[in-house]
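Order of the sequence lines fixes the chain letters, A, B, ..., with proteins taken first and strands second; residue numbering starts at 1 for each chain.
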Amino acid sequence: MVFSSFEFLLLYFPLTLLLYYAVPRKYLKARNLVLFITSLAFYGWGEPKYVFLMLFTIAIDYAAGFLIEKYIRSGRKSSAKRVLIATVIINLALLGFFKYCNFIIENIRLIPIFSSLKPTDIPLPIGISFYTFQAMSYAIDVYREECRAQSNFVSFGSYVTMFPQLIAGPIVRYRDVALMLEDRSVSVDYFASGVRRFTVGLTKKLILADGAGAVWKYFLGVADSQRGAVGAWLGLIMFTFQIYFDFSGYSDMAIGLGRMLGFEFLENFNYPYISRSITEFWRRWHISLSTWFREYVYIPLGGNRRGELATYRNLLAVWLLTGLWHGASWSFVLWGLYYFILLTVEKKFSSAFDKIPTVIRQVLTLLAVMFGWLIFEADNTSSVLGYLSSMLGGGAGFAFGSDIYDLIRLIPFTLILAIGATPLPKRIYDKLGERCSVAQGIISTVLCAVGLIASIAYAASSTYSPFLYFKF
Amino acid sequence: MKKMNFKKITDVATAAVMLAIVFGFALAFWIVPDKAASYDENRDLAQLPSANKLLERIADGRFSKETADYYRDQLPLRDEFIALKASIEAALLKSENNGVILASGGYLVSRPQSSDKGGLYTNVSAINRFCEAMNDLGVPSYSALAPRSCDVLTSYLPKSYSSERDILIWDDLYAEVSDKIKSIDLLTPLSKKADGGEAVYYRTDHHWTTLGAYYAYLEIADAMGVVPYDIADFDVIEASDDFYGTTWSKSGFRYVEGESIEYFRYSGDEDFITSIPDADISFRGFYDTSYLETKDKYGSFLSGNNSLVEIKYAPEGAYEAGTERPELLLIKDSFAHSVVPFLARHFDIDIIDARYCNFSVYEYALGKEYDAVLFLNGIDSLIDGEAYKILTAGLPK
């Protein structure tokens with residue numbers, strides 16, 4: 001079930017709100033139970049069998065947290081470590097089996113004696129990459145004594161399964177919501193801010209991301225030899241917008257829904273396309289994932305404190321894993337490697353880059369990111385090089401067929417996308433609030449109504465509206 | 001202090017607006033009676049999932065899929081929302097919606113969505129093999145490809161839209177068609193007529209108009225060596241004046257007005273009998289006017305899509321049916337439906353739609369004595385799927 005579907009908006013969401021708020025605030029444990037059960041229903045909606053897989057993960061990590069804390073308190077650090085290692089192995093084994101099994105089989109099959117191995121037909125459990133990482137962060141944080149173990153199974157379960165961030169993030173660390181599981185309240189202004197945030201996300205997904213995606217899909221479907229440079233660039237620009245508005249829209253919806261239930265999740269995106277460097281881009285893009293890898297892979301490996309060589313080795317490990325996390329395919333590994341190379345070059349020549357004017361650095365960064373998306377989409381592209389060649393005019397020259405027509409007709413839409421990807425709308429909104437909070441209040445209410453109705457119209461028209469970040 | 005209060009009021013309003021919309025539609029969804037079908041889309045709508053074997057269906061995911069379809073199809077004000085989306089897209093100056101271009105003159109033109117050739121090679125090679133086999137029996141074959149509206153209506157499309165990408169498929173088609181088949185070019189004459197301002201295609205549908213069908217008939221007759229009837233020999237009758245076709249439905253541009261469907265009638269056209277063996281239907285003339293009461297008004301030509309339709313000249317009285325007229329095997333899609341009334345003046349016709357056919361057409365043809373085979377299909381039928389493979393069933397090795 002995705003947030004932009006009617007079974008979510010008109011069935012699951014209102015029912016969940018009713019059940020949740022039917023429980024008085026003072027019975028917070030009961031509210032957690034409602035959240036746990038409704039989240040399991042949310043998850044089981046698509047693939048009921050995998051509810052048991054998720055419950056298993058929850059049970060393992062719950063027990064691990066309990067044991068680790070017990071051992072640490074009794075001074076048996078090495079026992080705690082053994083439990084932690086076992087837990088991490090189990091978590092990764094489950095993730096590896098369900099997500100990477102076929103990828104491994106496909107590659108082993110290349111060795112002649114194994115060529116008869118058959119790929120499995122096990123479907124990927126939705127959100128497994130997200131909730132596995134969340135559950136692991138809990139066990140690790142308990143071991144590091146960053147947080148206390150959660151004694152209440154339901155509270156812990158409601159953290160792992162919490163439906164707003166369950167299937168597409170942000171990856172919420174346990175310690176960031178630990179207090180909210182014990183004590184939280186929802187005021188009207190907090191709820192209203194959740195409504196605004198959710199509406200922004202829904203609109204971004206349905207009107208901006210899907211609209212841009214349709215153009216990208218068109219230019220992907222055109223043969224390389226029939227795509228002019230104009231069309232090729234337009235297509236890739238549209239994908240660049242699609243993946244941002246799709247994913248950040250989903251995070252907005254998650255944050256908004258979280259607020260409506262009294263949870264505050266950390267921001268996951270911070271206008272990544274205005275970045276002046278690749279380093280900055282990764283501080284602004286999918287922040288919760290970069291944070292996770294930094295804290296649980298990069299720093300434990302020694303970070304940058306063990307000499308230059310070790311630093312690059314650690315970076316390489318992080319980026320290969322980041323690539324693989326995005327999907328079980330060599331193109332994602334390549335994509336991770338691509339960022340490793342970019343970041344290495346950037347580190348080496350940082351003083352030279354600093355001399356380049358900001359605007360040019362922003363453009364160069366964006367171009368590098370766009371090229372990265374082309375690698376990211378390699379599995380959907382007939383040939384990355386063929387597409388790239390058409391961007392340089394090697395397909396069908398400068399412009400071919402509908403290229404100019406599409407370029408012209410999409411100017412207003414592209415302007416909206418471009419402005420929407422910058423902090424400008426938010427700045428204007430905040431300015432308005434400073435000058436005249438009455439106007440801001442009225443406008444935001446009207447925009448919410450308009451945004452919701454327009455989103456429903458777009459959802460009604462599309463019989464097919466998958467989230468890009470659904471394969472994770 | 002006052003400001004704080006106002007902030008609170010607008011926050012309450014924001015929350016209330018969302019809850020009103022969500023809960024309003026959630027309730028309306030159950031209160032508003034379900035619709036059986038969508039008239040505009042010409043399809044049945046998903047219904048409330050049954051409680052039959054509920055647990056099993058929940059476990060294998062069918063129930064959630066059915067519920068999703070049910071919610072999508074039965075949304076209150078669904079048609080209005082679809083129209084609203086099209087209007088927003090138009091307001092964003094996108095010039096099109098759902099791949100349908102709002103062209104000048106109120107023409108709605110579906111634009112090809114990919115250069116993927118789909119089943120083209122499979123289909124054309126099946127057609128080639130069939131024709132070669134018919135050729136061996138001494139039956140000549142003709143093939144006319146019905147252009148898409150985007151091929152013909154180029155002068156109505158926005159100036160910046162070049163059809164050069166879309167028409168590349170024609171080269172592939174012509175390159176594939178066997179030289180044992182005589183190709184009839186409809187693209188050039190129809191484009192000329194369209195450029196000259198004649199309404200050869202519907203504004204709201206992907207088919208050609210009856211006038212367009214008449215021009216196609218002129219070319220086919222010419223190629224097959226029969227003398228076509230002059231346009232003055234027909235009485236143009238308006239069968240309907242509120243036809244809203246397939247591209248209209250797809251586009252969502254609900255403000256585009258409907259149009260008329262014409263029949264080119266002639267004296268004696270009721271002397272023909274159209275029979276559809278599968279449906280056990282036969283009627284006089286070519287028109288099943290019951291379709292005019294439905295959305296699918298174009299379906300009134302030959303009573304819609306059927307695997308096999310037989311057209312015989314059978315005037316009431318002494319005439320012995322079909323004995324002296326040449327016989328034509330027509331393998332076609334729906335573009336042919338409005339051409340058949342013209343062709344019937346020259347031939348008795350057995351009409352086969354490969355997309356709905358599940359028998360060996362060759363063996364069927366062996367039982368008859370055809371004078372010619374005519375293929376009359378739109379390009380999209382040859383690209384979508386591989387239905388024409390059925391033509392190779394039962395062919396001699």
Hey, are B:Asn97 and B:Ser251 close enough side-chain-wise for a donor-acceptor pair under 3.5 Å?
no

Whether over 12 other heavy atoms sit under 6.0 Å from B:Tyr255 OH:
yes

Would the A:Trp216 and A:Tyr387 ring centres measure less than 6.0 Å apart?
yes

Interface moiety of B:Leu168 toward chain A, non-hydrogen atoms closer than 4.5 Å:
side chain

Check: A:Tyr43 ring centroid to A:Tyr50 ring centroid under 6.0 Å:
no

Sort out for me which of A:Glu7, A:Met260, A:Lys49 touches chain B most, counting heavy-atom pairs under 4.5 Å.
A:Glu7

If you count heavy-atom pairs under 4.5 Å between each of B:Leu84, B:Leu19, B:Val22, B:Val17 and chain A, which one has the most?
B:Val22

Select one option (side chain, backbone, both, neither) describing which atoms of B:Leu92 are under 4.5 Å from chain A's heavy atoms.
both

Below 30° counts as parallel, above 60° as perpendicular, anything between as tilted: where do the rings of A:Tyr405 and B:Tyr161 land?
perpendicular

If you count heavy-atom pairs within less than 4.5 Å of chain B, which of A:Val222, A:Ile404, A:Val188 leads?
A:Val222

Would you call the rings of A:Phe163 and A:Phe42 parallel, tilted or perpendicular, where under 30° means parallel and over 60° means perpendicular?
tilted

Give the ring-plane orientation class for A:Tyr12 versus A:Phe8, where under 30° counts as parallel, over 60° as perpendicular and anything between as tilted.
parallel

Could you look at A:Ser402 and say if it's the side chain, the backbone, both or neither that has a heavy atom under 4.5 Å from chain B?
both

Of all of B:Ala15, B:Ala83, B:Ala68, B:Ala86, which one pairs up most often with chain A through heavy atoms under 4.5 Å apart?
B:Ala68

Whatever's closer than 4.5 Å to a heavy atom in chain A on B:Glu89 counts as both

With respect to chain B, which residue among A:Thr199, A:Ile408, A:Ile416, A:Asp406 yields the maximal number of heavy-atom pairs within a distance under 4.5 Å?
A:Asp406

Is A:Leu9 in contact with chain B via its backbone, its side chain, both, or neither, using a 4.5 Å heavy-atom distance?
backbone

Atom group of A:Leu220 that falls short of 4.5 Å from chain B, counting heavy atoms
neither

Please determine whether the number of non-hydrogen atoms from other residues, nucleotides or ligands lying under 6.0 Å from atom CD of B:Gln113 exceeds 12.
yes

Given a strict heavy-atom distance threshold of 4.5 Å, which part of B:Phe23 is in contact with chain A: side chain, backbone, both, or neither?
side chain

Test: A:Arg196 and B:Asp11 ion pair at under 4.0 Å
yes

Proximity breakdown for A:Tyr190 and chain B, heavy-atom pairs closer than 4.5 Å:
neither

Under a 4.5 Å heavy-atom cut-off, does chain B meet the side chain of A:Asp403, its backbone, both or neither?
both

Does a donor on one side chain and an acceptor on the other come within less than 3.5 Å for B:Lys295 and B:Ser249?
yes

Tell me, side chain or backbone of A:Leu17 under 4.5 Å from chain B's heavy atoms, or both, or neither?
side chain

Side chain to side chain donor-acceptor pair (under 3.5 Å) partners of A:Ser187, counting only residues at least two apart
A:Asp189

In terms of heavy-atom proximity below 4.5 Å to chain A, should B:Ser163 be classed as side chain, backbone, both, or neither?
neither

A:Phe191, part contacting chain B, at a heavy-atom distance under 4.5 Å
side chain

Please flag which part of A:Leu11 lies under 4.5 Å from any non-hydrogen atom of chain B: side chain, backbone, both or neither.
both

